[in-house]
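Here is the structure we will look at.
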Amino acid sequence: MTTRRVLLAGGVGLGIAGVLAACSRPTPSPSPTSTTTPDATRTPTATPTPGGPATWSALAAAVSGRLLRSGSNGWDSARLVENPRYDDADPQGILRAASAADIQAGLAFARNTNTPVALRAGGHSYTGWSAGGAAGTDVPRSLVISTQDLDGIDVHGDGTVTIGPGAQLGDVYAALAKAGRAIGAGSCPTVGIGGLTLGGGVGVLVRSFGLTCDQLTGATLVTPDGAVHEVSASAEPDLFWACRGGGGGTVGVVTSLTYRTQAAPPVLLFQISFPWSAAAAVVRAWQDWAPSADRQLWSTLKLLGGSRHATPTVTVTGVWTGAKTGADASVDGFISATGAKPLAHSAEELTYGAAMSQLAGKAQRVSQAATSSIGTAKLTDAQIDTLVQHAAAASDVAGNREGGVALDALGGVVSDVGRTDTAFPWRSALMTVQYTAVFADGADPAPFDAYVRAFRKAMRPAWGDGAYANYCDAAITDPTDYFDVNTSRLHRIAEQADPTGVLAQPHWV
């Protein structure tokens, strides 16, 4: 099929925390006045903006949010995204939208002036597409439409929550925990929930709660023609389907999202480290255990090397939301299956809010390269050896501070959903796989991109070309790698929603 446009992943989310996630500033504690922002959740008029602004000054006058341009107060900080490798970004302007009406005005300006558009929620796009014109991204200097100020969190009495796309996960978790409720999402506290959800939403409760997009019950979005749509399974179901795993900006700009929640569970958080000599045995035992374990258990296996480690490391981190005795039996069985003695093993019973805060760690901006695979099958012994060897090779890449691979378990509730029921197609997969390399700010990213892409290529005989939309890579140019059997439907919906390519970008559908 013709690849005319991209599903612009503005602020795509990350599934794991720590140095494998490009997180930024610590998340502030939400104040009572910051947990509900009316503009983030209100329903504006559902009519396209007629005419609209055709000059920068007219756009500035038309919006209630802030339109920043080079030289504006706060410009230098506003243009930065979460990966410092894109710090040279120089967009034409940044519209920090305060309402859906602001987004309507921004899209009208883009239509009237043929100005390229980039979308941003949390600013975690692996490819830097949300920067709006950074070197090496193939994105022209654009008008960045940012929804980061649409960050309201409104917990309803019926067990649902309506959240603005710019709300950071740390704030979302804190607000929900205060209300005794929970959703399953990622762990990096500065990720915007909009991008995370729209790309699918792999996270630490994925096996018991499902993908974040599976918990989505409705959304408000502005299509490129300026119309506002309230979408759900029964209202404009094609648009809603595309919002559940089809990538941020596929069919428009989301202004609010409504999720079902569950009672906040107690969480047992555990971590086990093994000697590098046991790496192959740990991988073998983990792939037999984690994707098919009780769905109350989720875990990630990381094999990491680089200058931060005297020797490569093997770590399994996980959460359990059931009775502790069940966790003990499950984890002990896994350890026994490895045939190795752990170097360390810790476990702590926490509240939901405390567990999400602890998993977040210390948020910081880090320069990194990354790509991904979808683990569709168990590895053979020879393929495990390939995985371990390439993880160890992270230490051979000059300037690689930390790199390697993270395997995040799927299964459980994820596999209860049909592969075409949402835009996220990888329902029967065992895991998502993320290859990363962290390097010094300002360093040439080429050798680190080469390392992660060579790692992905080496695992292709085992797992094929599938990749996770929220771990996007500019070197992946075939959209079927992200959306598999759902690509044609996604392309059709995108063509209908954006026939003139207002949101067109150089990679994706």
Side-chain angles (χ1 to χ4, degrees), residues 9-31 34-35 37 40 77 80-84 120-126 130 146-153 155 161 163-179 181-206 209 211-212 215 248 257 259 261 264 267 269 271 298 300 302 317-319 348 350-368 370 406 408 434 436 438 470-471:
V12 291
L14 307 179
I16 57 177
V19 297
L20 287 181
C23 297
S24 63
R25 59 198 176 281
T27 304
S29 299
S31 65
S34 69
T35 57
T37 302
S77 59
L80 301 181
V81 292
E82 296 303 322
N83 192 335
R120 185 186 303 170
H124 285 260
S125 171
Y126 275 21
S130 63
S146 170
T147 57
Q148 71 182 90
D149 293 335
L150 299 179
D151 59 357
I153 305 166
V155 183
V161 59
I163 307 175
Q168 297 183 354
L169 289 186
D171 294 334
V172 171
Y173 288 143
L176 286 172
K178 185 177 180 180
R181 307 302 295 178
I183 62 172
S187 55
C188 181
T190 59
V191 163
I193 196 166
L196 174 74
T197 302
L198 297 173
V202 172
V204 298
L205 298 181
V206 68
F209 279 58
L211 299 169
T212 311
Q215 299 158 77
L257 306 109
Y259 307 84
T261 69
V267 176
L269 179 61
Q271 183 165 299
W298 171 88
T300 179
K302 301 176 186 177
T317 302
V319 300
E348 185 176 8
L350 299 165
T351 64
Y352 167 80
M356 297 304 105
S357 178
Q358 186 159 317
L359 281 164
K362 183 180 179 181
Q364 57 185 326
R365 295 178 78 229
V366 293
S367 293
Q368 71 167 358
D408 290 353
Q434 186 176 195
T436 59
V438 174
N470 275 350
Y471 299 156

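The structure displayed is predicted, hence computed values, not measured ones. The figures that follow rest on heavy atoms only: side chains count, while hydrogens, waters and symmetry mates do not. Throughout, numbering of the chain's residues begins at 1 and tracks the sequence.
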statement: For Ser146, the side chain to side chain donor-acceptor pair (under 3.5 Å) test, sequence neighbours excluded, returns Gln148
query: Do Gln271 and Thr317 have side-chain N/O donor and acceptor atoms under 3.5 Å apart?
result: yes
- request: Check Gly195 against Asn470 and note the closest heavy-atom contact, atom names and distance.
  value: O-OD1, 3.4 Å
message: Just to verify, what does Leu80 make a side chain to side chain contact (heavy atoms under 4.5 Å, CB included) with, not counting sequence neighbours?
response: Asp87, Arg365
field: Any side-chain heavy-atom pair of Gln168 and Val191 under 4.5 Å
entry: no
task: For Thr261, enumerate each residue passing the side chain to side chain contact (heavy atoms under 4.5 Å, CB included) test, keeping only those at least two apart in sequence or located in another chain.
output: Val161, Leu176, Arg181, Ile183
- request: Could you pull out all residues at least two apart from Tyr173 that satisfy ring-ring contact (aromatic ring centres under 6.0 Å, His included)?
  value: Tyr352
message: How close do Gly164 and Ile193 get, counting heavy atoms only, and between which atoms?
response: O-CG2, 3.6 Å
Side chain to side chain donor-acceptor pair (under 3.5 Å) partners of Ser357, counting only residues at least two apart: none
Min side-chain heavy-atom separation Leu269-Leu359 under 4.5 Å: yes
query: What is the minimum heavy-atom distance between Val81 and Gly123, and which atoms define it?
result: CB-O, 3.4 Å
- prompt: For Tyr259, what residues pass the ring-ring contact (aromatic ring centres under 6.0 Å, His included) criterion, not counting sequence neighbours?
  reply: none
query: Which atom names give the shortest non-hydrogen contact between Val155 and Ala179, and what distance separates them?
result: CG1-CB, 4.0 Å
field: Donor-acceptor side-chain pairing of Ser130 and His124 below 3.5 angstrom
entry: no
field: Distance in Å, Thr212 OG1 paired with Leu198 CG, rounded so as to fall on 0.5 Å steps
entry: 10.5 Å
For Pro84 against Ser367, the heavy-atom pair lying closest together: CB-OG, 3.3 Å
- request: Quick one: closest heavy-atom pair of Leu169 and Ser187, and the distance?
  value: CD1-N, 4.3 Å
